[in-house]
Amino acid sequence: MTEPAITPELIASHGMKPDEYQRLLEIIGRAPTFTELGIFSAMWNEHCSYKSSKKWLRTLPTTGPQVICGPGENAGVVDIGDGQAVIFKMESHNHPSYIEPHQGAATGVGGILRDVFTMGARPIAAMNSLSFGVPSHPKTGYLVKGVVEGVGGYGNAFGVPTVGGEVRFHKSYNGNCLVNAFAAGLADADKIFYSVASGVGMPVVYLGAKTGRDGVGGATMASAEFDETIEEKRPTVQVGDPFTEKRLLEACLELMASGAVISIQDMGAAGLTCSAVEMGDKGGLGIKLQLDAVPQRETNMTAYEMMLSESQERMLMVLKPELEDVARAIFVKWDLDFAIVGETIPEDRFLILHGNEVKADLPLSKLSSSAPEYDRPWAMCLRLARLPVCGR
């Protein structure tokens with residue numbers, strides 16, 4: 001399949017400004033392929049790089065005697081004594097919920113549950129903080145119904161109770177909404193799993209559900225401003241399946257107990273791209289992927305689609321090769337896909353092969369460490385800080 005030409009319009013449609021594209025050119029020393037443009041776009045957008053919020057996130061307290069793991073991993077880890085730890089994560093899923101409230105909210109819940117059990121914890125509780133426009137606004141009822149059904153439907157089917165939360169209604173949210181979800185789990189403090197890849201030539205394994213076209217470009221969408229073309233963005237919202245995620249939970253915890261896991265990362269925003277880059281970058285390694293091995297539920301998927309799909313209920317793992325058969329048997333038992341899709345390499349490369357073609361060959365470390373950072377204009381707003389809140 002012929003890839004589209006890289007034009008200013010195509011660059012802009014990927015949420016990349018001219019100066020950011022120039023930075024990309026300086027890093028790789030040539031024009032990118034279509035797949036490489038998509039990879040940079042995903043890794044450098046607001047949702048994945050935090051390029052506008054890093055300045056403020058660095059001001060938050062992140063250390064303390066009880067903190068086992070602060071920022072930089074899938075979730076935070078706090079020691080609660082008696083050899084146990086709480087693993088927790090909060091995530092906003094505002095843009096997806098604005099476009100498709102049910103699936104937008106549901107996949108927000110699914111994503112943080114995966115972040116929690118990716119680190120070895122069994123999720124035990126969920127909470128949420130929801131903000132909507134005034135009840136009389138024509139879109140408020142539609143958003144409330146979809147978001148509440150999505151949050152409750154996914155959590156209930158997965159089997160984790162929602163133990164608390166808050167909701168507010170204010171004209172500032174008319175036509176839009178804020179959907180913040182929280183999940184917490186319990187784990188043994190000495191059995192926490194991280195996403196740092198280690199070892200050269202180690203197999204990179206795809207776990208869970210098959211890859212489809214749902215959510216392609218979702219991370220870029222979540223960093224964009226909306227206009228009258230909003231309906232065109234509906235396909236960028238992921239579709240969740242809590243029953244598959246429940247099986248993925250049990251399979252992952254069983255796999256972790258087997259001793260086969262070197263590192264593990266869930267596929268959330270930017271899917272296969274972000275999970276592979278994060279594991280390689282944290283371990284100072286490169287990653288080589290062969291996309292022909294990726295389990296697919298749709299035909300004729302391109303490299304661009306597979307790398308940027310945000311299909312839910314998927315994991316990426318670096319595996320101890322001597323325990324491959326043990327790991328595979330666990331996922332076969334739980335009726336989930338298990339496929340070796342690549343390997344760790346010593347060079348600083350993110351090498352993507354599809355068929356007999358190289359679709360991307362990029363310096364892996366630059367995909368995260370070289371993302372632009374901004375100091376945006378801001379103003380203090382005391383009025384919003386005093387919004388009425390209704391506890392539930």
Side-chain angles (χ1 to χ4, degrees), residues 1-57 95-96 99 213 215-230 232-233 235-236 267-278 280-281 286-289 291 301-310 347-354 357-378:
M1 182 179 294
T2 303
E3 293 190 340
I6 306 299
T7 64
E9 293 75 19
L10 187 67
I11 295 166
S13 72
H14 281 73
M16 189 169 286
K17 295 179 174 59
D19 60 317
E20 294 177 338
Y21 182 68
Q22 186 59 41
R23 182 191 291 231
L24 184 163
L25 295 178
E26 292 169 359
I27 288 173
I28 66 175
R30 57 174 171 79
T33 66
F34 180 52
T35 301
E36 289 173 336
L37 176 65
I39 288 171
F40 265 100
S41 167
M43 292 304 299
W44 281 11
N45 61 44
E46 299 280 0
H47 195 68
C48 293
S49 74
Y50 301 94
K51 59 188 177 185
S52 295
S53 55
K54 275 185 178 178
K55 168 185 170 65
W56 304 105
L57 293 173
H95 278 30
I99 299 171
R213 291 187 172 93
V216 171
T220 300
M221 171 276 294
S223 305
E225 294 183 7
F226 292 154
D227 52 27
E228 64 278 0
T229 65
I230 183 62
E232 298 174 11
K233 295 181 172 69
T236 63
M267 292 194 222
L272 191 54
T273 288
C274 193
S275 57
V277 168
E278 288 190 3
D281 188 43
I287 299 286
K288 176 182 177 182
L289 296 179
L291 298 185
M301 290 191 71
T302 65
Y304 179 96
E305 290 170 330
M306 281 186 274
M307 292 307 298
L308 299 183
S309 168
E310 295 184 7
E347 303 87 7
D348 180 21
R349 296 174 74 189
F350 193 35
L351 182 59
I352 310 300
L353 307 175
H354 190 208
E357 294 184 53
V358 174
K359 292 297 185 179
D361 190 353
L362 300 168
L364 185 145
S365 63
K366 298 296 185 183
L367 289 167
S368 55
S369 63
S370 295
E373 293 185 31
Y374 297 107
D375 184 2
R376 307 287 192 187
W378 61 278

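Counting from 1, the numbers follow the sequence of the chain as shown.
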task = Under the side chain to side chain contact (heavy atoms under 4.5 Å, CB included) rule, what do Leu353 and Leu351 come out as? Steps first, then yes or no, please.
result = CA-CA 7 Å; Leu353 307 175; Leu351 182 59; 4.3 Å; yes
query = Restricting to pairs with a member in residues 362-377, which pass salt bridge (Lys or Arg N to Asp or Glu O under 4.0 Å), not counting sequence neighbours?
reply = Glu46-Arg376, Lys54-Glu373, Lys55-Asp375, Arg58-Glu373
Side chain to side chain contact (heavy atoms under 4.5 Å, CB included) between Asp281 and Leu364, worked out = CA-CA 7 Å; Asp281 188 43; Leu364 185 145; 3.8 Å; yes
query = Which residues satisfy the ring pair (Phe, Tyr, Trp, His ring centres under 6.0 Å) test with Phe350, sequence neighbours excluded?
reply = none
message = For the backbone of Thr302 and the side chain of Glu305, can you confirm whether one donor and one acceptor N or O come within less than 3.5 Å of each other?
response = yes
ask   = Residues two or more places apart in sequence or in another chain: which of them pass salt bridge (Lys or Arg N to Asp or Glu O under 4.0 Å) with Arg349?
value = Asp361
inquiry  = Considering only residues two or more places apart or on different chains, which pairs with a residue in residues 10-25 satisfy salt bridge (Lys or Arg N to Asp or Glu O under 4.0 Å)?
reply    = Glu20-Lys51
ask   = Is the backbone N or O of Tyr374 less than 3.5 Å from a side-chain atom of Ser52, with the two atoms forming a donor-acceptor pair by type?
value = no
key: NE2 on His14 to CE on Met16, rounded to 0.5 Å   = 8.5 Å
message = Which residues pass the salt bridge (Lys or Arg N to Asp or Glu O under 4.0 Å) test with Asp348, not counting sequence neighbours?
response = none
task = Could you please spell out the steps behind the side chain to side chain contact (heavy atoms under 4.5 Å, CB included) verdict for Glu310 and Met267?
result = CA-CA 7 Å; Glu310 295 184 7; Met267 292 194 222; over 6 Å; no
message = Please list all pairs meeting salt bridge (Lys or Arg N to Asp or Glu O under 4.0 Å) that have one or both residues in residues 28-38, counting only residues at least two apart or in different chains.
response = Arg30-Glu36
In residues 269-277, what donor-acceptor pairs under 3.5 Å come from side-chain atoms, sequence neighbours left out?
unit_1, atom_1, unit_2, atom_2, d
Thr273, OG1, Met307, O, 2.9
Ser275, OG, Gly271, O, 3.1
Ser275, OG, Leu272, O, 3.2

ask   = Which heavy atom in Ile6 sits nearest to a heavy atom in Pro32, and how many Å separate them?
value = CG1-O, 3.5 Å
request  = Taking the side chain as every heavy atom from C-beta outward, state whether Tyr21 and Phe40 have any pair of such atoms under 4.5 Å apart.
outcome  = no
inquiry  = Is a donor from one side chain sitting under 3.5 angstrom from an acceptor on the other, for Ser368 and Glu278?
reply    = no
request  = Say whether, by atom type as modelled, one donor and one acceptor occur between the side chain of Ser53 and the main chain of Trp56 under 3.5 angstrom.
outcome  = no
key: Geometric class of the Phe34/Tyr304 ring pair [parallel <30°, tilted 30-60°, perpendicular >60°]   = parallel
ask   = Rounded to the nearest 0.5 Å, how far apart are CG of Leu362 and CD1 of Ile28?
value = 6.0 Å
query = Does Ser41 use its side chain to pair, donor to acceptor, with the backbone of Leu37 at less than 3.5 Å?
reply = no
